[in-house]
Amino acid sequence: MPLPVRVRFAPSPTGNLHVGGLRTALYNWLFARQNGGTFILRIEDTDQSRKVEGAEEQLLAALKWAGLDPDEGPHVGGDFGPYRQSERLDTYVGHARQLVDNGSAYPCFCTPERLEQLRDRQQKMGLATRYDGLCRKLPTDEAASRALAEPHVIRLAVPRDGLIILVDQIRKKVRFEWKEVDDQVLIKGDGFPTYHLANVVDDHLMDISHVIRGEEWLPSMPKHLLLYQAFGWDPPEFAHLPLLLNKDKSKLSKRQGHVAVKDFRDAGYLPQALVNFVALLGWNDQSNQEVYDLQELTAAFTIGRVQKGGAIFDTGKLRWLNGQHIRRMEASAFKAALLPHLDSQWNITDAMVAAVQSKISLLSDAREQLDFFFEEPVVYDEAARQALTHPLSRDILSSLLAKFGSAETFSGDFLLAAVKEIGADLGLKGRDLWHPIRAAIAGRVVGPDMVTIVEAFGFEKCRERITAAVSLS
RNA sequence: GGCGCAUUCGUCUAGUGGUUAGGACGUCGGCCUCUCACGCCGGUAACAGGGGUUCGACUCCCCUAUGCGCUACCA
């Protein structure tokens, strides 16, 4: 009977959720869902100086958009709250005291200046930079009394020698020498805990079974394991995810293009496409499948098949994936997703939606496919002008007008038949035949199929525009 | 500098001692076609380098190189 799976996504609220965070959240979510577990959102706001206004709301909005709803968190509650670390301060201080009492941690009175000098010296000597343990040598009673009066931090007493071989679900065994590990600060001078303490205490108190987080935490895993040991707790399983990288292979960041989830939403990407894409950056199920929905990912995901090396966040494939997901959508769902990317004044018909669903890659591509439907009067672009001044344009258009004259009812099919006849008469087909007609009616030489265009405009308007274009050609 | 992790087509990746090294995106060519797209078909392109181990290495070991991460009273 394995422990119930409880995983957490624990971002610090320093701004918009970016795609790397999205992937971490996704892997946690997938792991929870497929194991009938619980996905917890915890806000790691122990650094007062890095707080960003509204960041938590943006985070929630991004997760919701992506479909990764937390089962427990600051906004939904749960039995293990509060879920903001800033609201759990007493817990950390109490636990730190416990460690000082049992000799696993100690107060340190060293000034930042001394620490800086120490680091410089060690670096010049080619040593690992770590606290030299000056305050660790203080007699406990002296340390205790000074702690009452002087500003200080609490440090973890890390072993001086020996080594630790730890097990990561993705990287398997990794070894570290204790002498390379620093006496990590647990409680800062301002009374707030550092990430290391808060994260271990919370993960234990929240019954977290698996810690799935970014690779940047791998080097601090020995400290975390030591903390579990000092508290006498069983540690959870750990899995350190490879990083997402910029095109130049540096750790993914802003500066090099958009990385915020919100940016992708605004640019016309579907949440299911972005989720699909980040899932595949660093994971595959050994099959040749490329397009997945959340349900399929949940079924296929395994933490053991997560890649070890970092992946460059190259959006080329994302664009294609977005088109794939667009094509798979129900017409009504697609229309709902599309509307925010179009002018609210536009009277979009189902035929226009369908015309666009079969061909675009981004939702935002639809605007330039459809805008001419609503522009009055017609505006001819450069390519359209060229098509209209083609020697045969006049013949094509006046022939078409003649056919219009004899029309009893007008429809897209009528147009198709009429143009086909004209083509046969003049020995034309393809763009030579159709560009002048498109140009005349739409002002463009590219766009949705002519049946959609012509039926949206109606007989009168088509005739007017062709007449106008003939005089132009 | 120290420590750790990593390294298959341009990109995401399959591969766990014997493969014509597979797929996808991109790109190129073609087809389809009322345009542009979409779609379909085909081509292009990779095991970082050097040593071992082995009858045989992309696969195992070592070294080098390169990249990245960490090295804070940030997360």
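Residue numbering restarts at 1 for every chain, and letters A, B, ... go by the order of the sequence lines.
In this structure, the nucleotide among C74(B), C34(B), G23(B) sitting nearest to the side chain of Trp434(A) is C34(B). Taking only side-chain atoms of Arg431(A), from C-beta outward, the nucleotide of G2(B), U35(B), C38(B) with the closest atom is U35(B). The listed nucleotides are G15(B), C3(B), C5(B); the one nearest the side chain of Phe176(A) is C3(B). Relative to the side chain of Trp217(A), the nucleotides C68(B), A75(B), C34(B) differ in distance, and A75(B) lies closest.
Here U27(B) sits opposite G43(B) as a Watson-Crick or G-U wobble pair (both hydrogen-bonding atom distances under 3.5 Å). When both pairing distances are held under 3.5 Å, C70(B) makes a Watson-Crick or G-U pair with G2(B).
Ring geometry for His224(A) against His196(A) counts as tilted: the plane angle lies between 30° and 60°, on a 0 to 90° scale.
Nucleotides C58(B) and C47(B) have their P atoms positioned 11 Å apart, rounded to a whole Å. C63(B) and C41(B) have their C1' atoms separated by 47 Å, with the value rounded to a whole Å. When the P atom is compared between C62(B) and C28(B), the two are found 44 Å apart, to the nearest whole Å.
Inspection of the Arg171(A) and His240(A) side chains reveals no N or O donor paired with an N or O acceptor under 3.5 Å. Looking at Ser86(A) and Asp45(A), their side chains do bring a donor and an acceptor atom within 3.5 Å of each other.
Contact of Lys308(A) with A6(B) (side chain to base): no donor-acceptor pair of N or O atoms is detected under 3.5 Å.
The 5' end of RNA chain B is approached more closely, in terms of each residue's nearest nucleotide, by Asp449(A) than by the other of Asp449(A) and Thr46(A).
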